[in-house]
Amino acid sequence: MASGDDDDPIIEEIDVYLAKSLADKLYLFQYPVRPATMTYDDVNHLTARIKPKQQRVELEMAMNTMSPNYCRSKGEQIALNVDGTTFDETSTYSVKMMDKQTFSSIQATTNTSRYAAAVFRKGELHITPLTGILQLRPSFSYLDKADNKTREREAANEGGDSSQDEAEEEAKAITVRFARPESEQARQRRIQSYEFLQKKQAEEPWIHLHYHSIKDSRSEHEKQYLFCQSVDTSENSQLVKTPKEYLAMLMPPLAEEKVVKPVGPSNVLSMAQLRTLPLGEQVKTLMKNVKVMPFANLMGLLASGTDSTAVLRCIQQVALLVQGNWVVKSDVLYPKNTCSPHSGVPAEVLCRGRDFVMWRFTLERSVMRKEITSIIKLPPEDVKEFLEHVATPRINRGWEFLLPTDLDFIKKHSDVAHRQHMLWLGIQSKLEKVFNFSKEDFMPKNSPQPEPVHISGEQRLKMAQERAQENKLSLQKDLDAKRPGSTIHIKQEPTSDKEDEPMDTSCHPSSSYIPNGTVNGYPSVTSSSFDHTNGNSSSQELQDFVIKTFRKHFVLTLNELKRLMNLHLASMPVGQSIFHSISDHMLQDAILLCHCKQIMVPFPAQSTAAPDEQKVFGLWETGEDFDKQRRLLYDVFTKNYRVRRQVIQTRLAQELGDVSKADVDRLLKECCSSHGGMWYLKGTIQS
């Protein structure tokens, strides 16, 4: 020890004092985008303000507009964009030129307990603890003001095209609803949301300050508070410690950490802990962690004796069926008011993109990542995460679905598979509108075609009759098995002369061959393998649905009616749906039988509407006197696909005399939609 002390002698001892006069109001300002040699000491500071709780500071500094480095034309253009052509006391730049800039702060660190400002004088070191360390950077909030001005001008220009009648149409009845009591979990999510934090930050008022330059007499006076006002040892007791206390400060004892047991399965959660949760939570937790799983594996993870029907009911709430396997729903992985950990994309956008990926896997075994990215327009990191949940990369084949198709589940639980198929049709309809595509875009186009086989007409008729008979017997057997003790009569219809359905000449048995165009192994509604002999009960049920829907909506496109039909089928209890398939031809026949007629709307030649969106149907007869007004409205829209309100009022007045404004309002509300000052039949507004 003695030799060590000789090698490192003490040269000088310095007394250290703790100054507390500015301990709760001393901030260190840093300017990271400015070199240390270019200070702002000589720049004119116009205003200063602070939010003490948030430790947020804003400084407004003058700009030297006479400098040769200042572009006068750019400064005038920025001022014009921000303030417009009118100037008053609320204008950002009062001299019609950008003559100042604002600096806004962010916290460099939230823990300043290890930082202090020090002053050395006459062999004494005086230190003052820092309240905050702030980094000030130029603020570009004036660009937001310029954008708002542009939007206001555009809105004013668009609003000028609408007539007074359209303005009156904006008035709508308001339904008063009482909010449910907020749960503790929902309250915690709301408090942690970005919108709530922004609102809380905005609630704290600004405190305006007076800036004094570095050479000002007030600044010199305040600097004296950086020195300890009393050199008495008792006042600096915090710096006088025994060796033991000093060692404890340098190396504090380790505090025992409280072990919090996780609420879901992880590397440390046993199956016994998992099974203490309710069944629904067990299924949700397992699916959220595993992402994709066959139903048999799920049953194996649950406690023995668990009712499979109850599990099926729970799994459909948190997962969707893809190729006979269950894949966790997107909104379970990405709850509302969350965002991507990779890119910050909102949960709603992530859910749409992931649903598209899952839907593609209902069509085929493999997908290409580049193709997915080009359609959903999400960052590559998010797309890769979607694919890693349900697929594995294959050389030269893209991403292949992780599990083989579970044909046993599809066959055993055909009612569940059918319901999931209807749900996917509803999701497909929404995705087509969001991403602007059609299912046909993804059907295989370069698959090798077999050599053409010449078959005579008699052979084709015989093959079709045999196949129809086999399908009928198979359907009869399945229905008998599901409803023991009941007698089911299947309507006998001709098996030929079906002009609206293509004849299938393939030789694949239906039990083992699953075409790429199927959803979850279940034939689509346009598939030729569907049997269209539903019987009188399903036909009457279809007509009841159609007339009920038209009495509610009055005007519908074929595409919208099909979407509502799919939602109706998906909402029916498992096993109670009597629809096995509904073709477009059957649906249109049912529409015409329910006192509805097709309205021949003359769509423009450049219209992007799909064929089903151009087939518009309206309720023709309800037994009310108001049917006359409705038919006249339909006639108006056979001349043009969009009209002004005045045209409709004039036609009604010519045919029926004076028509009250309330009747016109009711007619437009029932049958039309307004956009840009023009009126369209429902569903015909061009995107």
Side-chain angles (χ1 to χ4, degrees), residues 180 182-189 192 258-338 341 347 350-351 354-355 357-358 361-362 385-386 388-392 401-424 427 520 570-575:
R180 286 188 244 170
E182 187 178 34
S183 64
E184 181 62 25
Q185 188 177 10
R187 192 182 74 85
Q188 290 295 334
R189 284 200 302 266
Q192 295 173 6
K258 294 181 179 180
V259 179
V260 180
K261 294 182 179 180
V263 296
S266 65
N267 294 334
V268 297
L269 179 65
S270 67
M271 294 305 297
Q273 290 175 318
L274 176 66
R275 288 170 183 170
T276 60
L277 301 174
L279 180 59
E281 286 298 318
Q282 291 184 48
V283 173
K284 181 178 179 179
T285 306
L286 285 169
M287 291 306 305
K288 192 173 180 179
N289 284 269
V290 182
K291 307 296 190 301
V292 56
M293 190 190 310
F295 186 72
N297 289 16
L298 177 62
M299 291 298 297
L301 291 172
L302 299 174
S304 58
T306 304
D307 183 16
S308 62
T309 305
V311 177
L312 276 175
R313 192 160 47 245
C314 295
I315 190 69
Q316 293 180 74
Q317 297 176 5
V318 297
L320 292 168
L321 195 66
V322 179
Q323 299 192 21
N325 300 283
W326 291 99
V327 180
V328 64
K329 287 184 177 180
S330 302
D331 54 5
V332 175
L333 287 180
Y334 306 107
K336 196 175 180 181
N337 296 328
T338 61
L350 291 176
C351 289
R354 187 174 180 274
D355 285 346
V357 174
M358 292 164 60
F361 278 116
T362 65
E385 184 177 82
F386 298 160
E388 287 175 340
H389 287 169
V390 296
T392 183
F401 192 68
L402 205 57
L403 301 174
T405 303
D406 192 347
L407 298 176
D408 292 338
F409 179 85
I410 296 173
K411 186 176 181 181
K412 184 177 180 181
H413 302 280
S414 57
D415 53 343
V416 176
H418 177 69
R419 186 176 184 183
Q420 289 289 312
H421 164 69
M422 291 302 176
L423 280 174
W424 275 117
I427 294 173
N520 297 326
S571 66
M572 296 179 70
V574 178

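Scope of the values below: all heavy atoms of this structure, side chains included, with no hydrogens, waters or symmetry mates.
- Considering CZ of Arg313 and OG of Ser308, their distance stands at 10.0 Å, rounded to 0.5 Å.
- Closest of all the heavy-atom pairs between Val283 and Cys314 is CG2-CB, 4.1 Å.
- Considering all non-hydrogen atoms of both residues, Pro294 and Leu403 come closest at CD-CD1, 3.5 Å.
- With Trp424 contributing its side chain and Leu321 its backbone, the two residues share a donor-acceptor pair below 3.5 Å.
- Partners of Phe409 according to the ring-ring contact (aromatic ring centres under 6.0 Å, His included) rule, which considers only residues two or more places apart in sequence or in another chain, are Phe295, Trp326, His413.
- Judged by distance alone, with hydrogens and angles left aside, the side-chain atoms of Gln316 form a donor-acceptor pair with the main-chain N or O of Leu312 at under 3.5 Å.
- At a threshold of 4.5 Å between non-hydrogen side-chain atoms, the residues Ile427 and Leu320 count as touching.
- The two residues Ala319 and Gln420 make their nearest non-hydrogen contact at O-OE1, 4.3 Å.
- Side-chain atoms of Gln282 do not come within 3.5 Å of backbone N or O of Leu302 as any donor-acceptor pair.
- Within the 3.5 Å criterion, the main-chain N or O of Asp406 finds no donor-acceptor partner in the side chain of Asp408.
- With rounding to the nearest 0.5 Å, the separation of CG in Asn289 from NZ in Lys291 is 6.0 Å.
- Within the 4.5 Å cutoff, the side chain of Leu301 has heavy atoms near those of the Met293 side chain.
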Determine whether Leu402 and Val390 satisfy the following criterion, side-chain contact (heavy atoms from CB on, under 4.5 Å), listing intermediate values before the conclusion. CA-CA 6 Å; Leu402 205 57; Val390 296; 5.6 Å; no
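- Arg354 and Val328 make their closest contact through NH1-O, 2.8 Å (heavy atoms, listed as atom of the first residue, atom of the second, distance).
- Asn297 CG to Asn325 CG: the interatomic distance, rounded to the nearest 0.5 Å, is 8.5 Å.
- The distance from atom CZ of Phe361 to atom CZ of Phe386, rounded to the nearest 0.5 Å, is 12.5 Å.
- Minimum interatomic distance between Val318 and Val332 (heavy atoms only, all atoms of both residues): O-CG2, 3.9 Å.
- Minimum interatomic distance between Met358 and Ser330 (heavy atoms only, all atoms of both residues): SD-OG, 4.0 Å.
- Interatomic distance, OG1 of Thr392 versus CD of Glu388, reported as 9.5 Å (0.5 Å rounding).
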